[in-house]
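Counting starts at 1 for both ligands and their atoms, in listed order. None of these values were measured; they are calculated from a predicted model.
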Amino acid sequence: MEKVLTIAGSDCSGGAGIQADLKTFAAHGVYGMSVIVSVVAENTSRVIDIQDVAPEMIEKQIDAVFEDIGVDAVKVGMLSQPCCMKAVARKLKEYKPQNVVIDPVMYAKNGCPLMNPSAIDILIHEILPLADVLTPNIPEAERISGIQINSAEDMEQGAKYIYDLGVKNVLVKGGHAVGDALDILYDGKQFYYFRAQRINTKNTHGTGCTYSSAIASNLSLGFDLQEAVRRAKEYVTTAIRHSLAIGKGCGPTHHFYDLYQNGLTKTIIKNN
Ligand SMILES: Nc1ncnc2c1ncn2[C@@H]1O[C@H](COP(=O)(O)OP(=O)(O)OP(=O)(O)O)[C@@H](O)[C@H]1O
Ligand SMILES: Cc1ncc(CO)c(N)n1
């Protein structure tokens, strides 16, 4: 049985964070585990408050998982403060797990901040180098790279800049762009384009969490990175197509195994 761990924040409304991650793992048939870094009182419309778990308790949760069960892949999500980042970095350096997917969460879909802006340097220097693949959305890629992103070429530039910071693979997600939902993966050699038709819905709460967890699940199942991303893109696109119009704001993605039956997404390799 493949074992996948999420290290992230808890979204009590169930659409994003740890809850989206565990639903995604279950839909992939892998064994899901969770280390809670922050408890977030949030819903489809707003973030009410954030309470971080003490760094020692974050470290003890990670120890509990690694001393007993072990992992085949890890997804890292919301890390709100420098002390949380340092605790997670210490333990990832100690246990050196394979297949580490890091989603550098900064804001919720409704624009509410989830990372203290003063943590950006620690994120760049302590967390980014631990990723086998980093999955920034456009505002996150802009914040990390300082490059303004208005086109696919700008997404490539942003990905290249972040790769040069020492990140092994960078996947810039185009959910915040206009037109097709285009994501671009850069592995230091080539750009890979993953394109889906944009679905006309406001119900996209948790899409980034769903996507990074689907990538981690697919890596744990033995798919190489390009195929793991291609399959995850298919999963998230269908999860958005079936998203739920619940709550007063951006409703959540919906998860079930059949999301893999359509075989629609293709990988386009683009040479430098
Ligand atoms: N309306 C949409 N139609 C189709 N695909 C979408 C849509 N919105 C986002 N996506 C896709 O969903 C995935 C997640 O990207 P996105 O940029 O939304 O992440 P995110 O902003 O980190 O998400 P969140 O903060 O809600 O967790 C990407 O593959 C993106 O292309
Ligand atoms: C806990 C948590 N993690 C990530 C996101 C980003 O969608 C969110 N809204 N909440």
Side-chain angles (χ1 to χ4, degrees), residues 6-24 34-53 75-80 84 101-115 134-144 149 152 155 158 171-185 192-215 228-243 247 249-253 259 264-265:
T6 170
I7 302 175
S10 163
D11 168 7
C12 56
S13 68
I18 293 275
Q19 287 76 2
D21 300 340
L22 291 174
K23 291 174 193 182
T24 304
S34 61
V35 165
I36 300 184
V37 175
S38 293
V39 178
V40 186
E42 64 173 310
N43 55 35
T44 62
S45 304
R46 67 187 184 119
V47 173
I48 298 166
D49 205 357
I50 299 173
Q51 184 166 328
D52 295 318
V53 171
K75 172 252 162 88
V76 178
M78 174 189 172
L79 303 172
S80 67
C84 307
V101 182
I102 301 185
D103 187 7
V105 174
M106 295 183 191
Y107 297 95
K109 259 289 141 55
N110 46 49
C112 299
L114 295 173
M115 188 190 91
L134 187 82
T135 64
N137 62 24
I138 287 179
E140 291 156 358
E142 288 182 330
R143 184 78 183 84
I144 294 167
I149 297 178
M155 288 168 78
L171 176 64
V172 178
K173 302 173 292 189
H176 295 248
V178 287
D180 281 352
L182 169 68
D183 309 331
I184 300 180
L185 174 67
Y192 302 89
Y193 277 39
F194 302 89
R195 197 184 286 276
Q197 220 172 40
R198 183 167 297 275
I199 299 158
N200 184 15
T201 177
K202 68 179 171 58
N203 300 324
T204 55
H205 179 64
T207 51
C209 306
T210 299
Y211 195 28
S212 53
S213 294
I215 295 169
V229 173
R230 191 199 66 75
R231 284 172 55 88
K233 177 72 170 168
E234 196 164 290
Y235 182 88
V236 73
T237 305
T238 322
I240 297 169
R241 191 160 290 125
H242 291 88
S243 61
C250 303
T253 55
L259 296 190
L264 285 176
T265 307

Enumerated ligand 1 atoms positioned under 4.0 Å from heavy atoms of Asp183: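 Those of ligand 1 that fall under 4.0 Å from Asp183 are 28 (C), 29 (O), 30 (C), 31 (O).
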
For Asn137, atoms of ligand 1 separated by under 4.0 Å from a heavy atom: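 Counting from 1, the qualifying ligand atoms are 17 (O), 20 (P), 21 (O), 22 (O).
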
Per-pair distances, ligand 2 N/O vs protein N/O, less than 3.5 Å:
{"residue": "ligand 2", "atom": "9 (N)", "partner": "Glu42", "partner atom": "OE1", "Å": "3.0"}
{"residue": "ligand 2", "atom": "10 (N)", "partner": "Glu42", "partner atom": "OE2", "Å": "2.6"}

Close N or O approach (Ala108, ligand 1; < 3.5 Å):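 For ligand 1, there is no N or O atom that lies under 3.5 Å from one belonging to Ala108.
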
Close N or O approach (His205, ligand 1; < 3.5 Å):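 By distance alone, the answer is no.
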
I'd like to know if [X] and [Y] make a salt bridge, using a cut-off of under 4.0 Å between side-chain N and carboxylate O.
X	Y	answer
Asp180	Arg195	yes
Glu42	Arg46	no
Asp183	Lys173	no

Polar side-chain atom of Lys202 near backbone of Gly249 as donor-acceptor pair, under 3.5 Å: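 Answer holds: yes.
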
Check: Ser212 main-chain N/O paired with Thr135 side-chain donor or acceptor under 3.5 Å: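 No.
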
Nearest protein heavy-atom contact for [atom]: which residue, which atom, what distance?
atom	answer
atom 10 (N) of ligand 1	Ile240 CD1, 3.6 Å
atom 13 (C) of ligand 1	Tyr211 CD2, 3.9 Å
atom 25 (O) of ligand 1	Tyr107 O, 4.0 Å

Looking only at heavy atoms of [X], does any of them come nearer than 4.0 Å to an atom of ligand 1?
X	answer
Ala196	no
Thr201	no
Ala16	no

Heavy-atom side-chain proximity of Lys109 to His176 below 4.5 angstrom: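 Of all side-chain heavy-atom pairs linking His176 with Lys109, at least one is under 4.5 Å.
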
Exercise: do Thr207 and Thr253 side chains pair donor with acceptor under 3.5 Å: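 The answer is no; no qualifying pair exists.
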
